[in-house]
Peer 1: 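Got a structure here, written out as structure tokens. Questions coming.
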Amino acid sequence: MKKMNKKAVGILAATSVILGSIVPTGPVARAEGDPVEKNVNLLINPGFEDGMTGWDPDGLRVQSDFVASGQNAGVIGTGEGGGYVTIRGDFSDINKITISGKGAVSMEGEKALFGVDIFDQEGTRVYKDELVFTSLDEYTFDTMDITMPQNVSRIVVYTYKVADKAGLAYFDDLSVICDQAEDEEEEGGDQKVYVNTPEERDASLPDSSNLLYRHTIPCEIYRGNIDGKETYEYSYKSLKRAMWIWNFEVITDQAKTDELFAFAQEKGVNLFYMNTGNELEGEDSAVTKYPLLYRAFNAKAHQMGIDVEALDGASAWVRTENQNVPLSRIQRIVEFNAGCSSDAEKFDGIHHDNEPYTLPDWDERMVEIADEYLRLCSQSVEICHANNLTYAVDIPFWYDVTAGVDSITYQQATKAMNYHIIDLVDYVGVMAYRDFAEGKDGIEYHTKDEINYAASVSKDVIVGVETYDVPDKEANPPKVTFYQEGEAYMNGEIDKVENYFVNLAMKENVAGAGFKGMAIHYYDTYRAMSRPASPSAPVSSGGNQSVSAPAQNHSTVSVPSEPTPLAKADIKQPLVKDETKKKVKKTKVTSPSVKANPSDDSDTADAVETSEEIEEIEEVQSIEAEEPDAREKSNVADEDVALSKTKEKTISPWPIILGAAIALVCGGLFYFSKRWKNFH
């Protein structure tokens, strides 16, 4: 028996060694619960001097022909590929991580990407960002500080090259450091000085009883380098907090009106986008139907320090043959204001939510439709300014990165469609529908170009976020709305955006001066999100009270029993039906706009949208839109890709189990063979 056990153990050990050697386990940096080291490079082979040690390659390899330092460097190409490192441990005591490195490419237009995906304890990616190297045949250095999210379980570090070009991407001297110590300022270097004091700034703050005060952000205005010193001035910026209101019951029902104003006061809302479209099919606009109620509503809002803009819009209005509809709607607001007995009863401006990219022929006639839309904006502004009204429109954040409208000529100027729109109107609302502020797919990233351009032409941008539980989770993933996360989380992300554009943007050469504030879409779902869930009300996974979806029909709307938007309320997004027709350069977004407006007027309903066009729109909307990350220039290390390509750095138990099974079988055969011989 002892002899048999010896042989079995031998077989088990040999089998385990053989099988264990062929299972890729990767390096183990630390046990999962061990604290992560601070101020040290967590990459064990950052310059590839030890070959591929520490890296899980998927196209990444070592070369020695072109290096930044040492003998080796990493290279990917000519096709798509990457290399990955997973860092595990206890990150609870980490405040920030700093990534840095050197990179280069072999051909114009190529990109070498080095970044991180950060995952929480549930395995959900909560942050993503990267450095992008485009220097041709010469290494350049770049670095980035990232605020560490909460409840982090692991960080996936990646190098990557997309398949757009057939060049090479080079990497060297890479670094990932947690809580890196700040370099001490050299004696005699630039110093940060202020020309006033915080007390002097605070003395000029508005009265705290005014709603505007609730969104007044302290800031530091850079005044330039004076006598070798960075000179700043303490100041503040008053921001707008806007809210879309599609529900006509807040006009027609006094109890609902009172609820709205109480909610606005609680949340510090100081700008209403108030629906003035037609309440039912075939009727005139609501502002014509209820003039006395709208005047009382506006007077109450202005008494509370809330501006009111007349909200309306429909995608079909953009077409040249239908533009008489929106222009006549504007004229009705002009006539309404003219009939008011005081300025307090008037609308401050007009806010149109026309989304041309939802038209069924957008892909085929993109440039022509864009031109029609710009002409409509120009005519609308002309009427508004002649009658002491502002004119604003909502736009998606991706016009400037969408092939076809990223460079169009209008009035002898060639630029992206969104920049043309900013030139024409008083301000734009950018529908930055993401549920996180930071990172390459976050709210800040998707809006800073518009804000920067707006500042350069003395215009403004209000950044919009979503609270509606959007349907069709494939075309509109949960990241487009804060519905699942709830109000507290949303407020934290909004605070990040406001602080970034008021205080931090100037450090990245972004003109935060063009940032006017935030807008929340929309009142009904925002209010439901703010109420605590009750046993009688359905609750979403995020803890938000369930809200009836807005009506979906494009032309016929009945009055619902619940206070939901009463008309056009589709989740709008650009659709890509044939990628051979156009190529998206960066993120052409799933940027839904939940809107509730009739697309018809009582006298031109047939001209605006026919039933055939409605069916075509609905058919097109059923087409699955591409995920933004699949079209974004940072199309790397998506959660599924990172998880599939990153081999987990733990030793698998299967080699031992399989080895034991084989050992038992072999041992049994050996034992019974001996018994068989003895028996015979």
Side-chain angles (χ1 to χ4, degrees), residues 91-92 94-96 118-128 146-153 208 211 213-218 239-245 259-271 431-439 441-447 462-470 473 476-504 515 517-547 594:
F91 294 90
S92 59
I94 302 301
N95 297 310
K96 72 169 184 177
I118 302 178
F119 297 87
D120 64 13
Q121 300 293 339
E122 284 71 43
T124 301
R125 188 180 68 187
V126 294
Y127 189 88
K128 172 190 184 66
I146 300 168
T147 301
M148 179 65 74
Q150 296 180 346
N151 301 319
V152 173
S153 66
S208 60
L211 280 179
Y213 180 81
R214 294 178 183 236
H215 302 294
T216 298
I217 310 298
L239 301 174
K240 288 293 185 184
R241 177 61 58 87
M243 183 170 66
W244 282 271
I245 306 169
E259 288 178 0
L260 168 64
F261 281 113
F263 182 79
Q265 186 171 32
E266 177 189 350
K267 304 303 178 185
V269 174
N270 53 36
L271 174 58
M431 297 178 288
Y433 290 169
R434 290 291 181 269
D435 61 6
F436 48 96
E438 301 168 321
D441 193 28
I443 298 169
E444 295 167 1
Y445 177 80
H446 285 313
T447 56
I462 289 182
V463 176
V465 297
E466 180 65 90
T467 63
Y468 174 47
D469 184 21
V470 297
K473 294 302 188 294
N476 300 287
K479 70 178 178 180
V480 306
T481 177
F482 284 104
Y483 175 83
Q484 291 84 6
E485 292 82 5
E487 183 185 16
Y489 172 83
M490 178 182 75
N491 290 339
E493 297 305 292
I494 286 176
D495 286 345
K496 292 178 185 178
V497 175
E498 290 182 334
N499 184 58
Y500 175 76
F501 285 117
V502 171
N503 272 311
L504 305 180
F515 176 66
M518 303 291 297
I520 298 176
H521 188 271
Y522 56 98
Y523 169 56
D524 289 339
T525 52
Y526 182 22
R527 182 168 175 265
M529 173 191 284
S530 302
R531 292 196 301 260
S534 63
S536 60
V539 178
S540 76
S541 59
N544 305 318
Q545 186 166 340
S546 174
V547 178
V594 185

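Position 1 is the first residue of the sequence; numbering continues from there.
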Peer 1: Return yes if some donor-acceptor pair links the side-chain N/O of E122 with the main-chain N/O of T124 below 3.5 Å, else return no.
Peer 2: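 Such a contact is absent between E122 side chain and T124 backbone.
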Peer 1: Given the rule in the side chain to side chain contact (heavy atoms under 4.5 Å, CB included) test, do D435 and K479 qualify, once you have shown the distances and angles that lead to the verdict?
Peer 2: CA-CA 5 Å; D435 61 6; K479 70 178 178 180; 3.8 Å; yes
Peer 1: Is any side-chain heavy atom of V126 closer than 4.5 Å to a side-chain heavy atom of F436?
Peer 2: no
Peer 1: Would you call D441 and R434 a salt bridge, using N to O less than 4.0 angstrom?
Peer 2: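 Looking at R434 together with D441, the answer is yes, because their closest N to O distance falls below 4.0 Å.
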Peer 1: Taking only Lys NZ, Arg NE, NH1 and NH2, and the carboxylate oxygens of Asp or Glu, determine whether E498 and R241 approach each other closer than 4.0 Å.
Peer 2: yes
Peer 1: Quick check for you: to the nearest 0.5 Å, what is the distance between Q484 atom CD and T467 atom OG1?
Peer 2: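 If I round to the nearest 0.5 Å, the distance is 11.0 Å.
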Peer 1: Please name the pair of heavy atoms, one in A432 and one in V463, separated by the smallest distance, quoted to 0.1 Å.
Peer 2: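 Looks like CB-CG1, 3.9 Å.
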Peer 1: If we ignore hydrogens and angles and just use 3.5 Å, is the side chain of Y127 paired with the main-chain N or O of T147 as donor and acceptor?
Peer 2: no
Peer 1: Are any of the side-chain heavy atoms of I443 and Y500 separated by less than 4.5 Å?
Peer 2: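 Not in contact.
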Peer 1: Tell me, do K267 and I520 make a side-chain contact under 4.5 Å, heavy atoms counted?
Peer 2: no
Peer 1: Does M431 reach the side chain of H521, with side-chain heavy atoms less than 4.5 Å apart?
Peer 2: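 Not in contact.
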Peer 1: F482 versus E487: any side-chain heavy-atom pair under 4.5 Å?
Peer 2: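 Side-chain contact under 4.5 Å: no.
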Peer 1: Identify the two heavy atoms, one from A519 and one from W244, that lie closest to each other, and give their separation to 0.1 Å.
Peer 2: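 Smallest interatomic distance, heavy atoms only, reads CB-CZ3, 3.7 Å.
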Peer 1: H215 and N270: which non-hydrogen atoms are nearest, and at how many Å?
Peer 2: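 Shortest heavy-atom contact: CD2-ND2, 3.8 Å.
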Peer 1: Which heavy-atom pair separates Y526 from M490 by the least distance, and what is that distance?
Peer 2: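 Looks like CE1-CE, 3.7 Å.
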Peer 1: Minimum heavy-atom separation for V152 and P149, please, with both atom names.
Peer 2: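 Closest pair (atom of V152, atom of P149, distance): CG2-O, 3.4 Å.
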Peer 1: Just how far is it from atom OH of Y445 to atom CD of E438, taken to the nearest 0.5 Å?
Peer 2: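 One gets 15.0 Å once the value is rounded to the nearest 0.5 Å.
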Peer 1: Are any of the side-chain heavy atoms of V502 and L239 separated by less than 4.5 Å?
Peer 2: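 Answer yes - side chains close enough.
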Peer 1: side-chain hydrogen bond (donor to acceptor under 3.5 Å, both in side chains) with Q265: which residues, sequence neighbours excluded?
Peer 2: none
Peer 1: Measure the CD1-NZ distance between I146 and K128 for me, rounded to the nearest 0.5 Å.
Peer 2: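 Those atoms lie 11.0 Å apart.
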Peer 1: Atom CG of D524 and atom CD1 of I245: how far apart are they, to the nearest 0.5 Å?
Peer 2: 9.5 Å
Peer 1: Starting at OG1 of T525, measure out to CG of D469 and round the result to the nearest 0.5 Å.
Peer 2: 9.5 Å
Peer 1: What pairs with A437 under side-chain contact (heavy atoms from CB on, under 4.5 Å), at least two apart in sequence or on another chain?
Peer 2: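 Checked A437 against side-chain contact (heavy atoms from CB on, under 4.5 Å); matches are E444, E493, K496, V497.
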Peer 1: Working to the nearest 0.5 Å, report the span between CD of Q121 and CZ of F91.
Peer 2: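 If we round to the nearest 0.5 Å, Q121:CD and F91:CZ are 10.0 Å apart.
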